[in-house]
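Quick note on labels: first sequence line is chain A, next is B, and so on, each numbered from 1.
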Amino acid sequence: MTIPASWFLIVAAVLFGIGAFGLLTRRSALIMFMCVELMLNAVNLTFVTFARSLQDIGGQAAVFFILVVAAAEVTVGLGIVVAVFRRRHSVSVDELSELKG
Amino acid sequence: MIASVHSLPDVITFVVASALMMVGAVSVIVAKNPVHSALSLIMTFFGVAIAFVEMDAQFLAAVEIIVYAGAIVVLFLFVIMFLGVDRDDVVGEPLVGQRSLAVLGVGVTVAGVITMMAHAGWVTGVSALSNRGHSLGGGYSNVNDLGTAIFTTYIYAFEATAALLIIAVVGAVVLARSDRPRENDEEIA
């Protein structure tokens, strides 16, 4: 008998929680992007789990598109990090308070 | 006890994949050095890829390694080394109580999601919804199934990703471009 879907769903939920905690607590923009990747992977795992339990390939197709969007997001995000670092010589998000009213 | 209900290789695969994911994810957010975080991220991706293979998503497992562990983490490492940010970011809590509030919020969210899954019958009551789209494993390989779905049902989304990738590449070049070459051009002119 194969592993029940609920086991993978719980692992994915915990993985999402770890990513969310890191996103909320870490200050470096680079680490925050990595935590976003963790959360995206948790969602990917959920999609694949449901694709198996529903016997529908649509879940895997969704993961394929999430991969593309994640690649685009990281490319533009790291471009922004590089641009910010050129001006501020820091990637700490605490120091990016120029728009504060 | 568990192994008597489920086959032992499946359980071992699940435990290994989960351990890789959890250890990797925790060390991503704990590591002081961003390079170590990026390498831990690779570990997590390998765990996810093992879970994908376990769930008959072989193509996505390969893509997970190639795109995430291969391309995205290398991009992270390039930026880390390009910027030279291998030192620690802010130590401690600039906002008082941020960490405990984060633990509280994340704990409530994860517990809520798991409770919802346990009580809403999502996992057990799914058979009524099955086989609406392309079925999984209809005698062909996983790559065949996924390719058929993407190039027929999701063809417009697939074409849109082409535009998305072009926009992302152009955006990254514009954002990361240095202003210095332009000044040199003006001096030469």
Side-chain angles (χ1 to χ4, degrees), chain A residues 1-11 13-22 24-28 30-31 34-35 37-38 41 44-45 48-49 51-58 60-61 63-65 67-72 74-76 78-83 85-86 91-92 94, chain B residues 5-7 10 14 18 21 25-26 28-29 34 37 41 44 48 51-52 54-57 60 63 67 71-72 75-76 79-80 83 85 89-90 94 98-99 102 106 109-110 113-114 117 123 126 129-136 145-146 149-150 154 157 161 164-165 168-169 171-172 175-176:
Chain A
M1 202 181 157
T2 53
I3 298 293
S6 53
W7 295 17
F8 281 108
L9 293 177
I10 289 171
V11 169
V14 174
L15 190 62
F16 187 89
I18 293 172
F21 178 77
L24 289 171
T25 51
R26 291 301 297 257
R27 302 282 159 176
S28 164
L30 283 165
I31 306 289
M34 292 182 199
C35 291
E37 296 304 312
L38 282 182
N41 266 278
N44 283 350
L45 193 57
V48 171
T49 308
R52 188 189 64 164
S53 53
L54 292 169
Q55 288 293 303
D56 189 335
I57 198 76
Q60 295 189 16
V63 172
F64 181 83
F65 293 121
L67 271 164
V68 176
V69 173
V74 165
T75 313
V76 174
L78 290 180
I80 293 173
V81 168
V82 169
F85 187 83
R86 279 227 178 80
V91 291
S92 172
D94 272 351
Chain B
V5 180
H6 312 289
S7 80
D10 281 344
F14 173 78
S18 307
M21 277 186 258
V26 168
V28 164
I29 66 171
S37 291
L41 202 59
T44 309
V48 175
F52 282 2
E54 169 82 16
M55 289 187 283
D56 295 326
L60 289 177
V63 169
V67 172
I72 290 182
L75 196 61
F76 272 116
V79 171
I80 289 167
L83 301 182
V85 279
D89 53 348
V90 184
Q98 185 193 19
R99 235 162 247 181
V106 168
T109 307
V110 171
V113 166
I114 291 176
M117 285 189 299
V123 181
V126 293
L129 298 169
S130 66
N131 293 325
R132 277 197 184 162
H134 298 259
S135 68
L136 196 64
D145 290 340
L146 190 54
I150 286 175
Y154 305 105
T161 59
L164 178 70
L165 284 176
V169 169
L175 282 170

Under 4.5 Å from any heavy atom of chain A - which part of Ile114(B): side chain

Side chain / backbone / both / neither for Val67(B) at chain A, heavy atoms under 4.5 Å: side chain

OG1-CE distance between Thr49(A) and Met55(B), expressed to the nearest 0.5 angstrom: 3.5 Å

Spatial distance of atom CD1 (Ile72(B)) from atom OG1 (Thr75(A)) [nearest 0.5 Å]: 7.0 Å

Any donor-acceptor N/O pair, Arg52(A) side chain to Ala57(B) backbone, under 3.5 Å: no

Distance (rounded to the nearest 0.5 Å) between Thr44(B) OG1 and Asn41(A) CG: 8.0 Å

Atom pair CG (Asp145(B)) and CD (Gln60(A)), whose distance is rounded to the nearest 0.5 Å: 8.0 Å

Phe16(A), part contacting chain B, at a heavy-atom distance under 4.5 Å: neither

Qualifying residues under ring pair (Phe, Tyr, Trp, His ring centres under 6.0 Å), relative to Phe65(A), sequence neighbours excluded: none

Heavy-atom pair with the smallest gap, counting every atom of Leu175(B) and Val76(A): CD1-O, 3.7 Å

Spacing of CD1 belonging to Ile80(B) relative to CE belonging to Met34(A), to within rounding of 0.5 Å: 4.0 Å

Sidechain-backbone polar pair: Arg26(A) side chain, Ile29(B) backbone, donor-acceptor under 3.5 Å: yes

Phe64(A) side, atom CZ; Ile150(B) side, atom CD1 - distance, nearest 0.5 Å: 4.5 Å

